[in-house]
Engineer: 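Okay, handing you the structure first.
Reckoned from all heavy atoms, side chains included, excluding hydrogens, waters and symmetry mates. Quick note: residue numbers are just sequence positions, from 1.
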Amino acid sequence: MRRLFFLLLIVVLVVFGWWRYQHLTKPTTTFTPADKPRLDPKDLQILNALDEEYTRLAEAVIPSVVSITSSNPRKTNVENPLELFWFGSRDRGPRYSLGSGVIVSKEGHVLTNNHVIEGMTTISVRLTDGREVPARFIGSDASTDIAVLQINVPNLTPLVLADSEKVRVGEIVFAIGNPFGLQETVTQGILSARGRRIRRDSDLEFLQTDAAVNEGNSGGPLLNLRGEIIGINSAIWSKTEGNIGISFAVPSNIARRTLESVLAHGRAIRGYLGIVLQALNPEIAAQLGATDPRGAIVVDVTAGSPAEIAGMQPGDIIRKIGGAPILKLQDVMSRIAEVSVGAKTEIVIERAGREMALSATIAEAPQTPPTQRVR
């Protein structure tokens, strides 16, 4: 009995010794969290005010931005000239498209990109409050990559289309959309450039921004600090199919003209002057005795066209259209595209070394216009 007692005592002492050893040798862990931020918000009033304004802007405009899902179960060969900027070449099968849009009227008109819905048979719009409704296609213009949809939903808040001619390089802009299906995504950057052409033969000049834009942002708005639409995001320049800080938006003035034309006529109509142009260069300018080697020279004038009626002649050098200077041939295309059909515009030309002003009434482009550089 005594032997058993001593054996039990030894076991207890060994266990106690082991426990005591573990307790004494175990390192003590302490954790003291920070009790306050390193910087006092009162010392960062400007940054805090800016942060608050950014947040207010996002909260105000996000409800006006929608996600667009469209599909066509049949195979199609529809090609989008801007798609190479997004994806490169790919095989064609059943088509599905994901994009963005922005509400521009209380009646439910939505602006988006033509390439988001082109060739699709079913178009669905999802609002930020979770409502998902079918959209009715109203009209589109492939050359400007703008499409107009309409949804039948009450209590909509449209955004204002600003004057894109007044935007300045360097101003802060925001892009909102549905990249990769991630709804209500806001990115911020600056307006990097104006007057960008992503195809040499394009009549359209884009706004360039470094705000992050990716697949699915197509059709979403580019906004200024007042929450106004200055552009409709349309394409990116990328070799990786991802954002590298170079994206392009259709200017709001172009989008507005397409919208107004579609609503008024059911289709996009295009302005027509009726001239064939050649870029002016120093050699030609010297031969003509021109005062400035920049601009565009009229090579031919179509009979019965607005240009002929206005008195324009071959050899005329176009200096201004609507008060805007013409420094290169593409400027003429852009200025004519900005004038509404039926509206008069002043065209300043140089003829035999003298400047004169002509008044031309822009007509609707014929369905099959004659071969020309400018419509």
Engineer: Go through the steps to decide whether R335 and E346 satisfy the test salt bridge (charged side-chain N to carboxylate O under 4.0 Å, His left out), and finish with yes or no.
Structural biologist: CA-CA 11 Å; R335 300 293 82 79; E346 183 182 74; over 6 Å; no

Engineer: Counting distance only, does the side-chain N/O of E308 pair as donor-acceptor with the main-chain N or O of G304 below 3.5 Å?
Structural biologist: yes

Engineer: First locate atom OG of S105, then atom CG of L263, and finally report the distance between them rounded to the nearest 0.5 Å.
Structural biologist: 8.0 Å

Engineer: Does a side-chain N-to-carboxylate-O contact under 4.0 Å join E171 and R168?
Structural biologist: no

Engineer: Heavy atoms, side chains only, cut-off 4.5 Å: are L149 and H109 in contact?
Structural biologist: no

Engineer: Do other residues, nucleotides or ligands put more than 12 heavy atoms under 6.0 Å from the CZ atom of R131?
Structural biologist: yes

Engineer: Just verifying a value: how many Å separate I176 CD1 and T128 OG1, rounded to the nearest 0.5 Å?
Structural biologist: 10.5 Å

Engineer: Donor-acceptor pair, T209 side chain versus I190 backbone, under 3.5 Å?
Structural biologist: yes

Engineer: What distance separates R319 CZ from M356 CE, expressed to the nearest 0.5 Å?
Structural biologist: 13.0 Å

Engineer: Is any side-chain heavy atom of F206 closer than 4.5 Å to a side-chain heavy atom of N233?
Structural biologist: no

Engineer: Under 4.5 Å between side-chain heavy atoms, counting indirect links through other Ile/Leu/Val/Met/Phe/Trp/Tyr residues: same cluster for L223 and I230 or not?
Structural biologist: no

Engineer: I'd like to check I172 versus Q188 (side-chain heavy atoms, cut-off strictly below 4.5 Å). Are they in contact?
Structural biologist: yes

Engineer: Hey, quick one: are L259 and L222 part of the same hydrophobic cluster, counting side-chain heavy atoms closer than 4.5 Å, chains of contacts allowed?
Structural biologist: no

Engineer: Just by modelled atom types, is the V276 backbone N or O under 3.5 Å from a matching donor or acceptor in the D300 side chain?
Structural biologist: no

Engineer: Working to the nearest 0.5 angstrom, can you tell me the gap between E350 CD and I318 CD1?
Structural biologist: 12.0 Å

Engineer: Quick check against the 3.5 Å criterion: does N281 have a side-chain atom that pairs as donor or acceptor with the backbone of I284?
Structural biologist: yes

Engineer: Can you get from V65 to I232 by hopping between Ile, Leu, Val, Met, Phe, Trp and Tyr side chains that sit under 4.5 Å apart?
Structural biologist: yes

Engineer: Can you hop from V186 to L50 via hydrophobic side chains spaced under 4.5 Å?
Structural biologist: yes

Engineer: I'd like to know if the side chain of N224 reaches the main chain of R226, judged simply by a donor and an acceptor atom lying under 3.5 Å from each other, with no hydrogens or angles considered.
Structural biologist: yes

Engineer: Ignoring hydrogens, what is the shortest heavy-atom contact between V110 and I68? Give both atom names and the distance.
Structural biologist: CG1-CD1, 4.5 Å

Engineer: What are the two closest heavy atoms between T361 and P306, and how far apart are they?
Structural biologist: O-CB, 3.2 Å

Engineer: If every non-hydrogen atom of V299 is compared with every non-hydrogen atom of L277, which pair is closest and at what distance?
Structural biologist: CG2-C, 3.9 Å

Engineer: Does L127 reach the side chain of V125, with side-chain heavy atoms less than 4.5 Å apart?
Structural biologist: yes

Engineer: Can you check whether V339's main-chain N or O pairs, donor with acceptor, with R257's side chain at less than 3.5 Å?
Structural biologist: no

Engineer: So, taking the atom named CD in E184 and the one named CD in E59, what distance separates them when rounded to the nearest 0.5 Å?
Structural biologist: 11.5 Å

Engineer: Decide side chain to side chain contact (heavy atoms under 4.5 Å, CB included) for Q208 and I246; before the verdict, give the C-alpha distance in whole Å, the side-chain angles of both, and the deciding distance to 0.1 Å.
Structural biologist: CA-CA 7 Å; Q208 180 184 329; I246 302 177; 3.9 Å; yes

Engineer: Could you list the residues that satisfy side-chain hydrogen bond (donor to acceptor under 3.5 Å, both in side chains) with T345, not counting sequence neighbours?
Structural biologist: none

Engineer: Given side chain to side chain contact (heavy atoms under 4.5 Å, CB included), test V133 with N152 step by step and report yes or no.
Structural biologist: CA-CA 8 Å; V133 295; N152 184 18; over 6 Å; no

Engineer: Quick one: are F174 and L57 in side-chain contact, heavy atoms under 4.5 Å?
Structural biologist: yes

Engineer: Indicate yes or no for a side-chain donor-acceptor contact from S305 to the backbone of T302 under 3.5 Å, with no hydrogens or angles considered.
Structural biologist: yes

Engineer: Determine whether I336 and I321 make a side-chain contact, defined as any pair of heavy atoms from C-beta on separated by less than 4.5 Å.
Structural biologist: yes

Engineer: For D129, is the CG atom crowded, meaning more than 12 foreign heavy atoms sit under 6.0 Å from it?
Structural biologist: yes

Engineer: Testing the basics here: between Q183 and S67, what is the closest heavy-atom pair and its distance to 0.1 Å?
Structural biologist: CG-OG, 3.3 Å

Engineer: List the steps, then state whether salt bridge (charged side-chain N to carboxylate O under 4.0 Å, His left out) holds for R56 with E53.
Structural biologist: CA-CA 5 Å; R56 287 178 56 194; E53 294 301 322; 3.2 Å; yes

Engineer: Over all heavy atoms of both residues, which pair between S140 and A268 is shortest? Give the atoms and the distance, please.
Structural biologist: O-CB, 4.0 Å

Engineer: CZ/F248 to CG/L207 distance, rounded to the nearest 0.5 angstrom?
Structural biologist: 10.5 Å

Engineer: Looking at R256 and A162, would you say the former's side chain and the latter's main chain have a donor-acceptor pair under 3.5 Å?
Structural biologist: yes

Engineer: Do you know which two heavy atoms are closest between A255 and I146, and how far apart they sit?
Structural biologist: CB-CD1, 4.0 Å

Engineer: Between N178 and N217, do the side chains contain an N or O donor and an N or O acceptor separated by less than 3.5 Å?
Structural biologist: no

Engineer: Name all residues meeting the salt bridge (Lys or Arg N to Asp or Glu O under 4.0 Å) criterion together with E132; count only those two or more places apart in sequence or in a different chain, and write none if there are none.
Structural biologist: R126

Engineer: Does either side chain, that of D145 or that of S234, offer a donor lying less than 3.5 Å from an acceptor on the other one?
Structural biologist: yes

Engineer: Answer whether the closest heavy-atom distance between the side chains of I297 and D316 falls below 4.5 Å.
Structural biologist: no

Engineer: Using a strict cut-off of less than 4.0 Å between a Lys/Arg side-chain nitrogen and an Asp/Glu carboxylate oxygen, indicate whether E165 and R194 qualify as a salt bridge.
Structural biologist: yes

Engineer: Please test M312 against V298 for side chain to side chain contact (heavy atoms under 4.5 Å, CB included), starting from the C-alpha separation and ending with a verdict.
Structural biologist: CA-CA 8 Å; M312 197 170 293; V298 177; 3.8 Å; yes

Engineer: With the 4.5 Å side-chain cut-off for hydrophobic clustering, are V153 and V66 part of the same group?
Structural biologist: yes

Engineer: Between R136 and E107, does at least one N-O distance fall below 4.0 Å, as a salt bridge requires?
Structural biologist: no

Engineer: Evaluate the side chain to side chain contact (heavy atoms under 4.5 Å, CB included) criterion for residues H115 and S218: first the C-alpha distance (whole Å), next the side-chain angles of each, then the deciding distance (0.1 Å), finally the verdict.
Structural biologist: CA-CA 8 Å; H115 76 258; S218 287; 3.0 Å; yes

Engineer: Under the 3.5 angstrom rule, does the side chain of S252 hit a backbone N or O of L161 as a donor-acceptor pair?
Structural biologist: no

Engineer: I'd like to check E364 versus Y272 (side-chain heavy atoms, cut-off strictly below 4.5 Å). Are they in contact?
Structural biologist: no

Engineer: Between S192 and D210 (side chain of the first, backbone of the second, donor and acceptor by atom type, cut-off under 3.5 Å), is there such a pair?
Structural biologist: yes

